Structures are given as structure tokens and as C-alpha cells.
There are 2 protein chains.
Amino acid sequence: MISNADISETLSQRLSDSGLRSTPQREVVYSVLLKKRDHPTAEEVFARVKPEMPMISLATVYNCLETLVQCDLVRAVNFERGPTRYCPNLHPHAHFHDVETGATHDVDLPAGLLDQVKAILPEDFKASSVEIIFRGKESPKARGGEPSSI
Amino acid sequence: MISNADISETLSQRLSDSGLRSTPQREVVYSVLLKKRDHPTAEEVFARVKPEMPMISLATVYNCLETLVQCDLVRAVNFERGPTRYCPNLHPHAHFHDVETGATHDVDLPAGLLDQVKAILPEDFKASSVEIIFRGKESPKARGGEPSSI
DNA sequence: TCATTACTTAGAATGATTATTAAACCATAT
DNA sequence: ATATGGTTTAATAATCATTCTAAGTAATGA
């Protein structure tokens with residue numbers, strides 16, 4: 001298991017690598033992202049952080065999130081023009097966005113697929129990142145259990 | 001070559017299929033999208049339409065673009081939280097977004113790749129659309145010839 | 001210590017888009 | 001033709017997420 005101390009160590013490590021400081025605000029923002037990995041918006045992060053740190057401001061949450069993105073600890077994800085969502089999953093993965101519930105799920109990419117996708121680029125295009133976004137609806141898995149009451 | 005009459009026929013066809021009317025505003029908005037396929041924003045479309053129709057309002061441009069998206073004549077594309085861009089290319093394709101110039105290019109998808117990408121989804125996820133977005137920088141091809149600025 | 005720089009806060013400002021509302025327009029039934 | 005009811009447009013206000021600004025705090029270094 002990963003302890004709180006470990007978390008703040010990776011964090012302060014990455015921050016100082018970029019010439020930045022570890023602060024209580026940055027630590028608590030990062031920790032709420034790790035605690036519930038449901039791609040929260042800045043406002044949602046703000047709401048989760050507040051109980052632990054009531055004086056923190058929304059602007060600071062935005063600043064911290066941006067900082068975490070800068071040092072590659074967090075990925076920013078956008079669906080259409082909705083608010084930016086934040087994701088601490090660093091493995092290469094796609095996103096599935098449920099148009100009905102708004103829920104967002106990580107979808108692991110099999111080895112090689114990303115390279116295959118990158119291979120479609122003309123040679124003069126150098127991609128620094130690739131985003132794969134699915135939009136749709138998740139049907140509850142047809143399995144034994146409660147009947148779908150509709 | 002496709003004439004103006006043909007264009008407005010497809011347009012009014014699609015519109016009436018959706019129970020909507022063909023209007024001069026919708027026609028001129030659609031025509032500027034076809035004329036220069038560089039993924040303009042609503043503001044850019046507005047600027048291009050104005051000379052032809054000086055009284056048109058920005059709100060109407062937004063409305064027309066939304067209408068065209070609804071009847072599948074135009075695709076809306078988003079990069080991060082930048083303004084929505086509009087693309088009349090209906091073939092399945094990915095997008096390359098140049099982080100330096102802001103230019104956007106369509107990238108054709110080889111047959112089968114989209115299915116391959118969709119295949120990574122768990123069975124309970126039904127994707128109605130897939131977006132593939134590259135972000136990066138294009139190195140000018142060292143060669144003569146017309147620029148492929150689609 | 002004192003100066004420098006980084007960081008946080010509160011609130012104002014911005015930018016893109018959507019909502020509101022009144023007027024103009026159009027198709028059709030009378 | 002004219003009334004009617006729905007559609008579309010235009011101008012402007014409102015909204016939402018985000019960024020900017022200014023002022024205060026705190027850590028760091030000469």
C-alpha cells in the first residue's frame with residue numbers, strides 16, 4: 001500500500017525537479033485526486049478539499065491543478081466544452097464519457113495500439129500527445145442480479 | 001465540381017429531413033465552411049460571413065452552426081478548452097492540432113483502425129462516437145509543392 | 001537580517017457560449 | 001388576400017469556467 005508519506009514524497013520530488021515547492025495546498029489537492037479517481041472538475045476538487053482546508057481558494061485549486069499537470073503527475077481531460085477534468089492515472093489510456101450520466105472511465109490501451117494510431121500521421125507531423133475519447137452510453141452488464149426496473 | 005445549387009440542395013434536403021428550414025443564413029454559413037476548410041471558430045465564421053451578409057448576428061452564426069452539427073453536415077471539434085471549431089469533412093478522420101500555430105489538420109483513418117480502436121472497449125460500453133486527437137508540432141516538409149492545409 | 005522570489009487569496013475581468021425576448025418571416029388554412 | 005401558428009433571426013443579457021491582478025505571506029539565500 002502507498003502511504004501518505006510516500007505520496008507527498010513523490011509529489012515534492014516532482015515539484016522540486018521542476019524548481020517548485022511542495023505546499024500544503026498542493027499536497028491536499030493531489031491527495032483528493034488520488035483518493036477518488038472519478039475525474040473531478042476543479043469545482044469538485046475544491047469541494048473535496050475544503051473540509052480539510054477551509055481557507056483554500058478556488059483560484060489556488062486551479063493553480064495547484066495546473067501545477068500538477070505541468071509536472072506530469074496529473075492529466076487534464078476535456079469533453080466538448082465541459083469543465084476540465086483531472087485524472088491521476090499516468091498509464092496510457094483512453095477515456096469513455098457517458099453522455100447520460102456524465103461519468104468518465106479510463107480504458108486501458110493494449111500495448112502497441114498507440115503506436116499503431118500514431119503511425120497514421122504523415123511524417124511531418126510530430127505528435128507529442130494522443131487523446132482517444134469515446135462518447136456513448138454504458139449498458140449495465142447483462143448478468144444475474146436485480147432486474148432493470150423500467 | 002460541386003455547384004452552389006448542389007450545395008444548397010444537400011443542405012435543404014438534410015434540413016427538411018430534420019423538420020427544419022433552409023434559410024439564407026444557414027446557406028451562407030455552410031458555404032463558408034465548405035469554401036475554406038481550415039476548422040474556423042464561430043467568430044471566424046462570423047467574420048467570413050459578414051461581408052456577404054452584413055446584418056447577420058453572432059448568435060445566428062452559433063445557431064446555424066449548431067443546426068448544421070445536428071443534421072450531420074458539420075462536425076464540431078474541440079481542443080482543450082479552446083473555442084469550438086467546425087469541420088465539414090464527414091469522412092471518419094482524426095485531427096492534428098499544431099500547438100505552435102494553432103492550425104488544425106484532418107488525418108484520414110485507414111480502414112479498420114476505427115474498429116480496432118473501438119475493440120478495446122469493455123463490452124458494456126457502447127460508443128456512439130470516437131475522437132482521436134493528436135497534439136504536436138509539424139515540421140515543414142523539405143520539399144516543393146502545395147501546402148496540405150486542410 | 002534583509003531582499004528576493006514563490007505562493008496564496010479574494011475578487012475582478014475575460015472569453016466563449018447560451019438564454020431571453022421581441023420582431024420578422026413563412027406555410028398553410030380559411 | 002388574411003389570419004394563424006410555428007420558425008427563425010437579431011440584439012442583448014446572462015452564464016460558466018477560467019485567468020488575471022493586486023496585495024499579502026511565507027520560504028530561501030546572500
Side-chain angles (χ1 to χ4, degrees), chain A residues 8 11-12 14-30 32 39-50 52-71 73-74 76-87 97 102 104, chain B residues 8 11-12 14-30 32 39-50 52-71 73-86 97 102 104:
Chain A
S8 70
L11 175 59
S12 54
R14 284 293 185 92
L15 286 167
S16 63
D17 285 355
S18 310
L20 302 169
R21 294 176 192 159
S22 186
T23 68
Q25 289 86 347
R26 285 168 181 174
E27 282 184 20
V28 69
V29 165
Y30 188 44
V32 307
H39 305 81
T41 64
E43 289 275 3
E44 285 163 351
V45 171
F46 184 46
R48 292 175 198 182
V49 161
K50 255 191 166 167
E52 295 184 54
M53 190 180 274
M55 291 305 291
I56 198 171
S57 75
L58 178 57
T60 298
V61 170
Y62 272 103
N63 289 339
C64 292
L65 289 169
E66 173 61 16
T67 300
L68 294 173
V69 170
Q70 290 315 317
C71 36
L73 282 164
V74 166
V77 193
N78 290 98
F79 302 112
E80 267 96 58
R81 290 216 16 114
T84 300
R85 295 172 172 281
Y86 297 88
C87 171
H97 192 228
T104 300
Chain B
S8 70
L11 175 58
S12 55
R14 285 292 187 93
L15 286 167
S16 64
D17 286 356
S18 311
L20 302 168
R21 291 178 193 158
S22 186
T23 68
Q25 289 86 345
R26 286 169 180 171
E27 282 184 21
V28 69
V29 165
Y30 187 44
V32 307
H39 305 81
T41 65
E43 288 276 3
E44 285 164 352
V45 171
F46 184 47
R48 292 175 197 183
V49 162
K50 254 190 167 166
E52 294 185 55
M53 190 179 275
M55 292 305 291
I56 198 171
S57 76
L58 178 57
T60 298
V61 170
Y62 273 103
N63 289 339
C64 293
L65 290 169
E66 174 61 15
T67 300
L68 295 173
V69 169
Q70 291 315 315
C71 36
L73 282 164
V74 165
R75 226 171 109 180
V77 193
N78 289 96
F79 302 112
E80 269 95 56
R81 290 214 19 111
T84 300
R85 294 170 173 282
Y86 297 89
H97 191 229
T104 299

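Chain letters run A, B, ... following the sequence lines, proteins first and then strands; every chain starts at 1. Because the structure is predicted, anything quoted here is derived from the model rather than measured.
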Is any side-chain heavy atom of [X] less than 4.5 Å from a side-chain heavy atom of [Y]?
{"X": "H97(A)", "Y": "V77(A)", "result": "no"}
{"X": "R48(A)", "Y": "P40(A)", "result": "yes"}
{"X": "Q25(B)", "Y": "N63(B)", "result": "no"}
{"X": "L68(A)", "Y": "Y86(A)", "result": "no"}
{"X": "R26(B)", "Y": "Y30(B)", "result": "no"}
{"X": "M53(A)", "Y": "P24(A)", "result": "yes"}
{"X": "T67(A)", "Y": "L20(A)", "result": "yes"}

Item to check | Residue list, salt bridge (Lys or Arg N to Asp or Glu O under 4.0 Å) with R14(B), at least two apart or on another chain | outcome: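 By the salt bridge (Lys or Arg N to Asp or Glu O under 4.0 Å) rule, R14(B) matches no residue at all.
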
Checklist entry - Counting any heavy atom closer than 4.0 Å, what does T41(A) reach on the DNA or RNA strands: base, sugar-phosphate only, or nothing? => result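 T41(A): no heavy atom of the nucleic acid under 4.0 Å.
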
Checklist entry - On DNA chain C, which is the earliest and which the latest nucleotide, 5' to 3', with an atom closer than 4.0 Å to a heavy atom of chain B? => result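 So the contact region on DNA chain C extends dA16(C) to dC26(C).
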
Take the protein atom [atom1] of [X] and the nucleotide atom [atom2] of [N], then report the distance between them rounded to whole Å.
{"X": "K50(B)", "N": "dA10(D)", "atom1": "NZ", "atom2": "P", "value": "11 Å"}
{"X": "N78(B)", "N": "dT18(D)", "atom1": "CG", "atom2": "P", "value": "13 Å"}
{"X": "E43(A)", "N": "dT15(D)", "atom1": "CD", "atom2": "P", "value": "15 Å"}
{"X": "F79(B)", "N": "dT18(D)", "atom1": "CZ", "atom2": "P", "value": "18 Å"}

Produce the list of close N/O pairs, under 3.5 Å, pairing protein atoms with atoms of nucleotides 5-9 of chain D; give distances to one decimal.
{"unit_1": "dT7(D)", "atom_1": "O4'", "unit_2": "R21(B)", "atom_2": "NH1", "d": "3.4"}
{"unit_1": "dT7(D)", "atom_1": "O4'", "unit_2": "R21(B)", "atom_2": "NH2", "d": "3.3"}
{"unit_1": "dT8(D)", "atom_1": "OP1", "unit_2": "R21(B)", "atom_2": "N", "d": "2.7"}
{"unit_1": "dT8(D)", "atom_1": "OP1", "unit_2": "R26(B)", "atom_2": "NH1", "d": "2.9"}
{"unit_1": "dT9(D)", "atom_1": "OP1", "unit_2": "T23(B)", "atom_2": "OG1", "d": "2.6"}
{"unit_1": "dT9(D)", "atom_1": "OP1", "unit_2": "Q25(B)", "atom_2": "OE1", "d": "3.2"}
{"unit_1": "dT9(D)", "atom_1": "O3'", "unit_2": "Q25(B)", "atom_2": "NE2", "d": "3.2"}

Checklist entry - Using a cut-off of less than 4.0 Å, is there contact between a side-chain N or O of R81(B) and OP1 or OP2 of dT18(D)? => result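 Indeed, a polar side-chain atom of R81(B) lies that close.
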
